[in-house]
Structures are given as structure tokens and as C-alpha cells.
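Counting starts at 1 for both ligands and their atoms, in listed order.
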Amino acid sequence: MNVLVFGQGGREAAIIRALNVSPSVTEVHVVQGCAALEKQALCHSVDYKDTEKVYELIERHNITFAVIGPEQPLADGLSDQLRKKIPVFGPSQFAAQLESSKCFSKEFMNKFNVSTAKYYVVTTVEETLAAAENFQPPYVLKADGLAAGKGVFICRDLDELQTSAEKLFVHKVFGTAGSKALLEEYQQGWELSYIILTNGKDYRALPLTQDHKRLKDKDEGPNTGGMGVVGPLSIDEHLNEQIIKDVIEPTLNGLVQDKFDYRGALYIGLMMTENGPSVIEYNVRFGDPEAQVIIPLVDNDWGAIMYEIALGELPDIKQKKLHVACVVLASEGYPHSPVKGVPILGDTFNETSSGYFLHAGTDNKEGEWVTNGGRVINALGIGSSLPEAVRNAYAQADKLSWHGLQKRSDIGKNLL
Ligand code: AMP
Ligand code: GLY
């Protein structure tokens, strides 16, 4: 099979790495790709919104099926366009609203009794402050639309809430993505990334992982797209049953009832509270950097898995007896204003039997690798235990440096 992958971050680098060793895959093509992915796949500098060019590419390279990595093309309806020609691993534009509109996803959760926090939809600073009277601090304000993981404000008091609401509604920092927002009850607990593969009718759970969303150690600093992940996480059987009953089954029921064309990965971000699991968000794709850890934990041919899902089937999943850790190496200024073009010191393709790198936001300038985004490189470590995987990920991470590099030093620590 020839596969066409959309996207160019660390998640897509992990997907492509797996497709490259899939017995069922002959060629891996990427739109747009980047300098680092050119070493892994056949990159095409085509705009995914240019449907005619994408169709041309599909025909010219005899593409069997497509995999869409990031949320934006899914929200833009790319899967619906591609599905006119080939099977696609990725949900329809309608289903993608589970991520692209937080209000849509909350309505869905309420309609199908998926356990989640109480909320109000707000559109002005005044409405936000009035709704806050129903909650205790800290207050959680979330932009409705896609905001690259930066649209959530956790506010200690009403002053902070007012400032955040002004950012959305007065200064419009996220444009129309922030013209509507949710004010949500704060959920105290620990977070779990529960990612499933689904054909819209049934599902297979992937190995559980835990992301580290805050920029700094001890969960301090601003929220990011994710600074590191470890897996698999083992949870109590009783807790898993509760998650399935209160969250996964009602979610699947909703997909079926509302006839969502859902073929792909569904990421369910959970907060495990005193009162049980509560959905923080749906993402209609693999998490980044969760995918970097989950994909190598699965002992199947990923080309075959994704193709079957794209066809609406549901393959069995076998888990390897392995542990994987991922440490994100981020640029100076991430998440607010990442500094690009900074030379990376060290061999960015160094690889051993227990560690390797995935490029997430790099570029090559006259033979030199430089930073080209917020999350620059992922350092992966593999081990037969969690501590060993974490140790190997940090040993890998230590092989690179650059001016202003940011990384957490406590990935997986709370589990060790
Ligand atoms: P989201 O983009 O919705 O995943 O939110 C980003 C992060 O904000 C989550 O991973 C949580 O750490 C935090 N968060 C979101 N909603 C809540 C909530 N209701 N209570 C506490 N923390 C939250
Ligand atoms: N790591 C969380 C996300 O992909 O949104």
C-alpha cells in the first residue's frame, strides 16, 4: 500500500516511523512534510486546501489510503474531500467539531450523559463574571474554537478571570475562535489520556498514558500542548470499568445515535476526580506527544491497523511488554512566542537500541539543524520498566542542547 500522511509535527514523525516498518506499506508520502521528514518519507509541498492538487497527487502516486494527523485539516473538512477518492483514517468535519468547538462537545456530552464538569456558555466579559457567581475559584475559561492548546485559562480569582475574558472578548487574541467561550467548574484530580481507535460503532482502547501539560516542573507555568508523556499507565480494574461505563460507552453511543462518520483515533482527556472520571476534552486525533509513546507500544502493523479503520473495520490490538517515555525539548519563549532559527548542538538523528529522536519543529539551514517551532524535538526512551524508559529518554535528551532550550526534568516522576 502507498500511504499519504498529512502533517509535520512529532506525532506525524511517530506515525511515519511506524508506517516505514509496516510490512503492508510500500511508500509513505507526506503533505507538507519538512526537512527532517524528507529523510523518512516522500514529501510534497502541496497545500492540503488545494483539493485538485491533492487529488492529482493521489492519482499520480497510486495512494491506497490517507492518514490525517493534526486537528486543523480535520476541522477544515479534509477527510470528507479525500473520502471521495480513497479511504481515510480521520473523522468527518462534522465529527471533528467534538474538538473544534468546545460548546459543541459539551452539548454532545450532556445529550449522551458523558460525565463532565458543569459549564456556562459566555460571550462577553460581563456574562463571564455573572456566570462565575455559580462557581468557586479557581475559574476555568475556555475559548470555544481551536487555539493550539493555548485557549484554556485557569484563573485564581475574579481579577484574573476578568483579564482572561478581556483577552478573548475585547482584545480577541484568538480571533473568532474566542468569540464564544465556556466557563467551566474546576475539576481537581489527576489527568489521564484515554485514547481509543474507533470506526464509529465500536472501539479498541490503546495503551493508557499521562501527559504533562504545564511548561515547568511540578506542574507550574503556563499550559502547553504537552511537555512529555510516559506509558503504559496501569490503572485499577475497577477504575477502568468506571471510565468505560461513565465515559467511553456513552461517547460511543453518541457517535452511533448521531450517525457520526468517525474512523480514526479519539482522544478523551480525563480528570480523575473524587467523584469519578470527568471529561476535560475530546480531541479527534492522536495526542501529541501521546502518539509518540503509544505507537511503539502496540505490536501490530500500523499500516494495516490504520487501513482497516479507514475502511470502517476494527482490528485487534496487541500491546508489547515495553515502557516508553517521551521528553519534549522546546524552544526559548514556548508556548507564547517560540524563538526560531536557533542552531541545535548535537546529532539530531542519534539513535541507539533504547533511545531516538523525533523531529517536531526543526528546519535545516545550509546543512545545520535549527529550531523552527515551539516543540522542537522529542527524545524517546524505551525500557522494560517505567524508570528505565524515563532514564533512557533523559539520556537521549541530554545529547542535544541549544540556546534557551526548555524541558521538564520530572516527566513520569509522579509514577516512579
Ligand atoms: P484542554 O485544552 O481543554 O485540554 O485544557 C488544557 C488543560 O487545562 C487540561 O489538560 C487541564 O490540565 C486543564 N483543565 C481544563 N479544564 C479543566 C477543568 N475543568 N478543571 C481543571 N483543569 C482543567
Ligand atoms: N497532548 C495533548 C494534545 O495533543 O492535545
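- When ring centroids are compared, Phe108 and Phe104 stay outside the 6.0 Å threshold.
- Both the backbone and the side chain of Gln187 come within contact range of ligand 1, each with a heavy atom under 4.0 Å.
- At most 12 non-hydrogen atoms from other residues, nucleotides or ligands lie less than 6.0 angstrom from NZ of Lys216.
- Contact annotation for Asn223 and ligand 1: only side-chain heavy atoms (C-beta onward) come within less than 4.0 Å of the ligand.
- The single protein non-hydrogen atom nearest to atom 9 (C) of ligand 1 is Glu191 OE1, 3.5 Å, given as residue, atom name and distance.
- Heavy-atom proximity to Met271, at under 4.0 Å, picks out these atoms of ligand 1: 21 (C), 22 (N).
- For ligand 2, the polar-atom distance check against Arg375 finds no nitrogen or oxygen pair separated by under 3.5 Å.
- Side-chain N/O atoms of Asp301 and Ser24 include a donor and acceptor closer than 3.5 Å.
- Between the side chains of Asn392 and Tyr356, no donor-acceptor pair of N or O atoms lies under 3.5 Å.
- Distances shorter than 4.0 angstrom do not occur between any heavy atom of Phe286 and any atom of ligand 2.
- The ligand atoms of ligand 1 that sit less than 4.0 angstrom from a heavy atom of Glu184 are 16 (N), 17 (C), 18 (C), 19 (N).
- For ligand 1, the atoms closer than 4.0 angstrom to any heavy atom of Lys142 are 3 (O), 15 (C), 16 (N).
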Practice prompt. Could you walk me through whether Phe174 and Phe169 pass the ring-ring contact (aromatic ring centres under 6.0 Å, His included) test, one step at a time?
Written response: CA-CA 9 Å; Phe174 299 121; Phe169 304 129; over 10 Å; no
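- Ligand 2 lies out of reach of Arg11, whose nearest heavy atom is not under 4.0 Å from it.
- When only non-hydrogen protein atoms are considered, atom 6 (C) of ligand 1 lies nearest to Val152 CG2, 3.9 Å.
- For ligand 1, the atoms lying closer than 4.0 Å to a non-hydrogen atom of Ile154 are 13 (C), 14 (N), 22 (N), 23 (C).
- Of the heavy atoms in Asn283, only side-chain atoms (C-beta onward) come closer than 4.0 Å to ligand 2.
- Look at Arg214 and Glu220 and you find no salt bridge, because none of the NZ, NE, NH1 or NH2 atoms lies under 4.0 Å from a carboxylate O.
- In summary, the side chains of Gln97 and Ser101 do not present any donor paired with an acceptor at a separation below 3.5 Å, with no hydrogens or angles considered.
- Per-residue contacts place Tyr267 under 4.0 angstrom from the following atoms of ligand 2 (heavy atoms of the residue considered): 2 (C).
- Only the backbone of Glu185 comes within 4.0 Å of ligand 1, counting heavy atoms alone; no side-chain atom from C-beta on gets that close.
- Checked against the 6.0 Å centroid criterion, the rings of Phe94 and Phe260 qualify as a close aromatic pair.
- Within ligand 1, counting atoms from 1 as listed, the ones closer than 4.0 Å to a heavy atom of Val140 are 16 (N), 17 (C), 18 (C), 19 (N), 20 (N).
- The ligand atoms of ligand 2 that sit less than 4.0 angstrom from a heavy atom of Gly287 are 4 (O).
- For ligand 2, the atoms lying closer than 4.0 Å to a non-hydrogen atom of Glu290 are 1 (N), 2 (C).
- No more than 12 heavy atoms of other residues, nucleotides or ligands lie within 6.0 Å of NZ in Lys118, so this atom counts as exposed by the packing criterion.
- Those atoms of ligand 1 with a heavy atom of Lys213 less than 4.0 angstrom away are 4 (O), 10 (O).
- Classification of Glu185 and Lys142 as a salt-bridged pair fails, no side-chain N sitting under 4.0 Å from a carboxylate O.
- Side-chain contact annotation: Glu290 with Ser193, donor-acceptor N/O pair under 3.5 Å present.
- Residue contact check for ligand 1: Gln188 places no non-hydrogen atom closer than 4.0 Å to it.
- A distance below 6.0 Å separates the ring centres of Phe135 and Tyr120.
- Checked for salt-bridge contact, Glu308 and Arg204 miss the test: no charged N lies under 4.0 Å from a carboxylate O.
- For atom 2 (C) of ligand 2, the nearest non-hydrogen atom of the protein is Gly225 O, 3.3 Å.
- Proximity to Asp211 (heavy-atom distance under 4.0 Å) selects the following atoms of ligand 2: 1 (N), 2 (C).
- Within the listing of ligand 2, atoms 2 (C) sit less than 4.0 angstrom from a heavy atom of Lys213.
- A distance below 6.0 Å separates the ring centres of Phe65 and Tyr307.
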Discussion item. Checking Arg408 against Asp219 for the salt bridge (charged side-chain N to carboxylate O under 4.0 Å, His left out) test, could you report, in this order, the C-alpha distance in whole Å, the side-chain angles of both residues, the deciding distance, and whether it holds?
Written reply: CA-CA 9 Å; Arg408 281 182 61 156; Asp219 290 331; 3.1 Å; yes
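- Close N/O approach between Tyr186 and ligand 1 is not found [any backbone or side-chain N/O within under 3.5 Å].
- Only the side chain of Arg285 comes within 4.0 Å of ligand 2, counting heavy atoms alone; its backbone N, CA, C and O stay farther away.
- For atom 17 (C) of ligand 1, the nearest non-hydrogen atom of the protein is Ile280 CD1, 3.6 Å.
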